[in-house]
Amino acid sequence: MDDVSDDFRSVMASVDRRGRRKWVYVHIVPGIWRRRRLVVAYLITALVIALPHLRIAGRPVLCIDFPHSQYTVLGQVFWPQDLSYLLLLLLMAIIGTLLAVSLVGRVFCGWLCPHNALLEFIFRPIEELLEGPAHRRIRQDHAGLHPGLILRKLVKWALFLLVCMTLASAVAALFTGADAMVGGIHIDAAEHPGGALFAGLLTAAMLFNFAWFREQTCTIVCPYGRLQAAMLDRHSLVPAYDARRGEPRGKAAKSAAAEAPAALGDCVDCKLCVSVCPTAIDIRNGSQLECINCLACIDACDGVMAKLGRPAGLIAYRSENQLSGQPRQVLRPRTLIYGAVLAVLLAVSAIRIGSRTDLQVMRLRVGAMPSLVRDAAGNQLVRQDLTLSVINRTGDEQRVTFGLPDDLGASLHLVEPVVVLGPNQRREITPTVDIPEQRLHGSDRATILSITSSSGTHVDLPITLRAP
Ligand code: SF4
Ligand code: SF4
């Protein structure tokens, strides 16, 4: 391996020693992993486009409604008061990622990340369709522009723009609602100027990313890739080159030469594994941070081995332990701990969502000071204003009434004796409690405010009536 440069340790493959970017021309090769990833990528793309239109029980699968301070997930409506659900979801995502990484390596990057799915299976194929495969594009770009190439590049950019607009509008529609989309590819600017502006900015960002920035998102910007590297251990699956079998590398003709059949390993140094790599790294140098787990190098090398009549798997998806001839341990302490924590979080979420009542009532601004008033008979009363947030969690209208215990001797006044809440509506109401001063005996008094809805839900809200 004397000819193997150590540059990869100090210089990224996609930049030169002076820090200037080297454009990565990625060869697309067929293979089993590419076919599998293609299915997943198209499912993700279809999901992104369809998501704003999907509904469960008449409500969106996902909608973030900032003006009304509510968000809908899987048809369930949440408000800022439900922040704990969001935190649970976030925790589950983190633990789920840890579990997935410990089991199958950086699976998110290569398989589930929308950036990679769209770049590898939408944008690069469009580019290859219009400008030809990588080796031709290299030649063309070095030869300079001519009218035919300019036309092809213009068509490519137009298609890129169309795809970016469609995807950006679908994302923006998660905030504005699917009704704001026109023709499925842009947001109605007259009705939804904020949504249209967001979609426009997102379109520009996506175009910049997919047409030019590309692999730098993974190698420079994304912090997730850096973190994932720290989560891997010797049992995690990674694309790995079998140096014991491949080295010393050398051209196939030499390898097959009768005079030195055993002098060379199976790697014929064709560098196809490098030219298919979206981050331009050479996996033969070992696992590297820039590897996004796309497995294209495995497809490429298996193809080469097949042509040479040698067994596949010179580069394969395996753990470091497997590479050194030891068995891979799937169940190990970290996977069991992650799995157990994830199961607990799932159970807690299911119980919390299952026990959500149709009506949520919260007292706001408990610091309101009481005042002294007199009733028509001249009795001294302590008046306390309450501010309540009432949320109807059902898809039907609810009529809500309020009451205090009879033995309290207090009266409750509301502008509307029956508060009407539309489906999934939140309202703030300000009932007033008048209580004879002598009932408080000069100190605060705890009691229960009863709230009953027309759906039969009953909520007892503990409140404290403060002494003046
Ligand atoms: S594709 Fe396989 S044979 Fe060709 S350089 Fe890479 S590891 Fe060696
Ligand atoms: S090294 Fe292989 S798996 Fe990693 S990014 Fe490059 S081609 Fe994909």
Side-chain angles (χ1 to χ4, degrees), residues 1 3-5 8-9 12-14 22 24-38 40-41 101 104-113 115-117 119-121 124 134-135 214-220 222 224-226 228-229 232 236-256 264-320 323:
M1 294 182 61
D3 61 333
V4 179
S5 163
F8 73 95
R9 296 191 195 282
M12 279 173 57
S14 54
K22 289 193 278 184
V24 180
Y25 292 89
V26 177
H27 288 257
I28 298 177
V29 292
I32 180 78
W33 290 110
R34 182 168 175 86
R35 281 199 294 280
R36 289 174 183 166
R37 286 182 69 223
L38 184 136
V40 177
V101 172
V104 284
R106 285 179 66 166
V107 70
F108 177 82
C109 297
W111 293 74
L112 301 175
C113 171
H115 164 81
N116 286 321
L119 180 59
E120 300 307 324
F121 296 96
R124 280 202 216 281
H135 62 272
R214 297 193 172 182
E215 77 286 345
Q216 297 179 105
T217 299
C218 307
T219 56
I220 299 174
C222 179
Y224 182 65
R226 311 283 88 82
Q228 288 222 36
L232 300 173
S236 309
L237 290 179
V238 289
Y241 167 71
D242 186 350
R244 291 188 306 179
R245 176 184 152 192
E247 301 298 330
R249 64 189 70 164
K251 294 296 171 199
K254 283 187 196 166
S255 181
L264 294 173
D266 273 347
C267 174
V268 293
D269 207 14
C270 64
K271 296 191 172 56
L272 194 59
C273 52
V274 182
S275 58
V276 297
C277 179
T279 57
I281 60 173
D282 188 340
I283 194 65
R284 295 173 299 170
N285 293 326
S287 283
Q288 291 150 73
L289 263 181
E290 293 92 336
C291 175
I292 56 164
N293 233 57
C294 72
L295 312 183
C297 51
I298 299 178
D299 280 339
C301 192
D302 282 352
V304 173
M305 291 297 113
K307 279 186 196 147
L308 294 171
R310 297 176 188 175
L314 180 55
I315 304 174
Y317 196 35
R318 58 191 152 209
S319 70
E320 275 189 46
L323 203 55

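Note that ligands are numbered from 1 as they come in the structure, with each ligand's atoms numbered from 1 the same way.
- Taking 2.8 Å as the limit, the number of protein N, O or S atoms around atom 6 (Fe) of ligand 1 is 1.
- Of all protein heavy atoms, the one lying nearest to atom 5 (S) of ligand 2 is I292 N, 3.4 Å.
- Nearest protein heavy-atom neighbour of atom 4 (Fe) of ligand 2: C291 SG, 2.4 Å.
- Classified by interplanar angle (parallel below 30°, tilted 30° to 60°, perpendicular above 60°), the ring pair H27/H135 is parallel.
- The shortest contact between atom 6 (Fe) of ligand 2 and any protein heavy atom is with C277 SG, 2.3 Å.
- By the criterion of a heavy-atom distance under 4.0 Å, the side chain of P239, and not its backbone, is placed next to ligand 2.
- Interatomic distance, L119 CG to E215 CD, rounded to the nearest 0.5 Å: 8.5 Å.
- With hydrogens left out, the protein atom closest to atom 8 (Fe) of ligand 2 is C294 SG, 2.3 Å, a heavy atom.
- With sequence neighbours left out, the salt bridge (Lys or Arg N to Asp or Glu O under 4.0 Å) criterion links D282 to R284.
- From D299, atom CG reaches atom SG of C294 across 8.5 Å, with rounding to the nearest 0.5 Å.
- Near M305, with a cut-off below 4.0 Å to any heavy atom, the atoms of ligand 1 are 3 (S).
- Of the inter-residue distances, the one linking R106 atom CZ with C218 atom SG reads 8.0 Å to the nearest 0.5 angstrom.
- Interface of L295 with ligand 2, defined as ligand atoms under 4.0 Å from a residue heavy atom, comprises 3 (S), 8 (Fe).
- Residues passing the salt bridge (Lys or Arg N to Asp or Glu O under 4.0 Å) test with R245 are D266, sequence neighbours excluded.
- Between the side chains of Y241 and N285, not a single donor N or O lies within less than 3.5 Å of an accepting N or O.
- Here the straight-line distance linking atom CD1 of I283 with atom CG of L295 works out to 9.5 Å at 0.5 Å rounding.
- Relative to atom 1 (S) of ligand 2, the option among I281, V26, N293 with the closest non-hydrogen atom is I281.
- Under the rule for a salt bridge (Lys or Arg N to Asp or Glu O under 4.0 Å), the partners of R214 that lie at least two apart in sequence or sit in another chain are E127.
- Between Y317 and N293, some side-chain heavy-atom pair lies under the 4.5 Å cut-off.
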